[in-house]
**Student:** 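So that we are looking at the same thing, I have put the structure below in structure tokens.
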Number of protein chains: 2
Amino acid sequence: MPRPSQPLLSMERIRECALEIIDTAGLEALSMRRLAERLGVRAASLYNYVPNKDELLHDLANSMMDQVDVSGFGSDWVTGVTVWARSYHRALAEHPNLVPFIASGPARREAALRRADAVHGGLVEAGWSQRYATMIGASVKYLVVGSAMGSFAGGFVDDAEIYDERFPNLSRAHLLRSHAAEIDHASFELALHAFIEGLRRRYTETDSAE
Amino acid sequence: MPRPSQPLLSMERIRECALEIIDTAGLEALSMRRLAERLGVRAASLYNYVPNKDELLHDLANSMMDQVDVSGFGSDWVTGVTVWARSYHRALAEHPNLVPFIASGPARREAALRRADAVHGGLVEAGWSQRYATMIGASVKYLVVGSAMGSFAGGFVDDAEIYDERFPNLSRAHLLRSHAAEIDHASFELALHAFIEGLRRRYTETDSAE
DNA sequence: ACCTGAACACCGTTCAAGT
DNA sequence: ACCTGAACACCGTTCAAGT
């Protein structure tokens, strides 16, 4: 019998299947053995394509972050920050179960640093000091990561009846899962715009970009 | 030989030791077997005191969150939010390795809901609508959780020399670990104050608390 | 080149058994 | 009441062996 000329696995297939497990069953549900089983193969085979589990996760994280758009700094810093924050937020929201992995640990990767550099550069060019550029970048990151992690969606159990009398201020409508996604999005937008508004009012934009 | 009348274990000792492992070696370093070993006991013994590992972690999380101070809403909403955010931030910063656990998953616990209720109530009493009270509460939580997770400290490798030429905008001083803690704190304060400032400017406080 | 079985050193958790 | 040994069903990873 000749060996089948087509390999059973591919990086593509591995990534896809891993992400599917994470999205549907959670980060802790991903194991090399389960992943292999779904791919119709034994766990050891995966190591022909991936150095280890951690590297696979970093790989997924990186391709997620490729959607982050930093091009808005070509215009003024406000649209730069807004475009950056929104695309960042959208990228994380697409695979919420991967967010804890992305957010913990150093973002030591090439692409991440290139984006950080672009954000910092855009802010400095708009007249912010080095120090403020760093802090503004950090603040927006806090907002994005925080909203991806501590989102309302999934934060409360489904039947809000339980809470009704015990916690009078937490009214039903604000706890229902069906409204949670909308509230999450509105809260993020509020936080982002209020933050930017606060920045504009409080500090002089010494030489603002046109 | 009589059985030793004093038990070897106690909830106190278990919690203390678990937290020490998490703080010094990280969340993933905590295993029931390693914890037992440090306590001079076998893993199975722990189950006389703790239903399972997850419950132990929730227990640690809860006692951390007891430090969150919601009393500031006795005065105006600005100090209410500020006191809340700072104490929340401080609590998380004390055990950063536990933050991913705290931030993921529903905060379904009694004490957490009581605090959420207090925040919401305080904001509504200050004249914010139900909807805005919810969004403001969420926004601040985003900031606190985000700053605890995506903190600069530990976010970059120690020798910043590597970055110097490759990423011209990310200057050395902003990447050094020694400065990271200070930048983190300053960024959090900037974000919080700019957010509050933005809120005050943009929306009428219809009937502000005296 | 790619896949496998077997092995190693780990997990969380249960449970009958000991004192 | 509290601790233990042994077991069960899992992990990630390596490696000699097969094709």
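Residue numbers start from 1 in every chain, and the chains themselves are labelled A, B, ... in the order their sequence lines are given, proteins ahead of strands. Small disclaimer: the values here were computed from a predicted structure and weren't measured.
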**Student:** Just list the side-chain donor-acceptor pairs under 3.5 Å for residues 18-28 of chain B, sequence neighbours left out, or say none.
**Tutor:**
from	atom 1	to	atom 2	distance (Å)
B/D23	OD1	B/H95	ND1	2.9
B/D23	OD2	B/H95	ND1	2.7
B/T24	OG1	B/E20	O	2.8

**Student:** For B/N48 and B/S45, which I'm curious about, is there any donor-acceptor pair between the side chains at under 3.5 Å?
**Tutor:**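 Short answer, no.
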**Student:** With sequence neighbours left out, write down each residue that passes side-chain hydrogen bond (donor to acceptor under 3.5 Å, both in side chains) with A/D59, or none if nothing qualifies.
**Tutor:**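 A/D59: side-chain hydrogen bond (donor to acceptor under 3.5 Å, both in side chains) contacts with A/R15.
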**Student:** Applying ring-ring contact (aromatic ring centres under 6.0 Å, His included), can you list everything that pairs with B/F73, at least two apart in sequence or on another chain?
**Tutor:**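 Once residues adjacent in sequence are excluded, B/F73 has no partner under the ring-ring contact (aromatic ring centres under 6.0 Å, His included) criterion.
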**Student:** Closest heavy-atom contact between B/A118 and B/V70?
**Tutor:**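 Taking B/A118 first and B/V70 second, the nearest heavy atoms are CB-CG1, 3.4 Å.
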**Student:** Sugar-phosphate means primed atoms, P, OP1 and OP2; the rest is base. With that split, encode nucleotides 4-12 of chain C 5' to 3' as B, S or - using protein heavy atoms under 4.0 Å.
**Tutor:** BB-B---BB
**Student:** Should the pair A/H89 and A/F188 be assigned to parallel (<30°), tilted (30 to 60°) or perpendicular (>60°) ring geometry?
**Tutor:**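 Because their plane-to-plane angle is under 30°, the rings of A/H89 and A/F188 count as parallel.
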**Student:** For the residue pair B/Y88 and B/W84, does the interplanar ring angle fall in the parallel (under 30°), tilted (30 to 60°) or perpendicular (over 60°) class?
**Tutor:**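 The arrangement is tilted - the two ring planes meet at 30° to 60°.
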**Student:** B/Q6 CD to D/dA1 C1': how many Å, rounded?
**Tutor:**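 So the two atoms are 13 Å apart, to the nearest Å.
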**Student:** In what stems does DNA chain C take part, counting only runs of at least 3 consecutive Watson-Crick or G-U pairs whose two distances fall under 3.5 Å?
**Tutor:**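 Paired runs of 3+ in DNA chain C: C:4-8 with D:12-16, C:12-16 with D:4-8.
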**Student:** Answer yes or no: is there an ion pair linking A/R114 with A/E110, defined by an N-O contact shorter than 4.0 Å?
**Tutor:**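 Result for this pair is yes, salt bridge flagged.
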**Student:** Measure from CE on A/M11 to C1' on C/dC2 and round the result to the nearest Å.
**Tutor:**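 A/M11 atom CE is separated from C/dC2 atom C1' by 16 Å.
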**Student:** Counting only heavy atoms not in A/E37, do more than 12 sit closer than 6.0 Å to its CD atom?
**Tutor:**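 No, not enclosed.
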**Student:** Starting at CG of A/L39 and ending at C1' of C/dC2, how long is that distance when rounded to a whole Å?
**Tutor:**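 From A/L39 CG to C/dC2 C1': 15 Å.
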**Student:** Any side-chain to backbone donor/acceptor pair from A/D117 onto A/L113? Under 3.5 Å, distance only.
**Tutor:**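 A pair under 3.5 Å: no.
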**Student:** Using heavy atoms and a sub-4.0 Å distance, could you list which residues of residues 15-27 of chain A are near DNA chain D? By number, please.
**Tutor:**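 Hits under 4.0 Å, by residue number: none.
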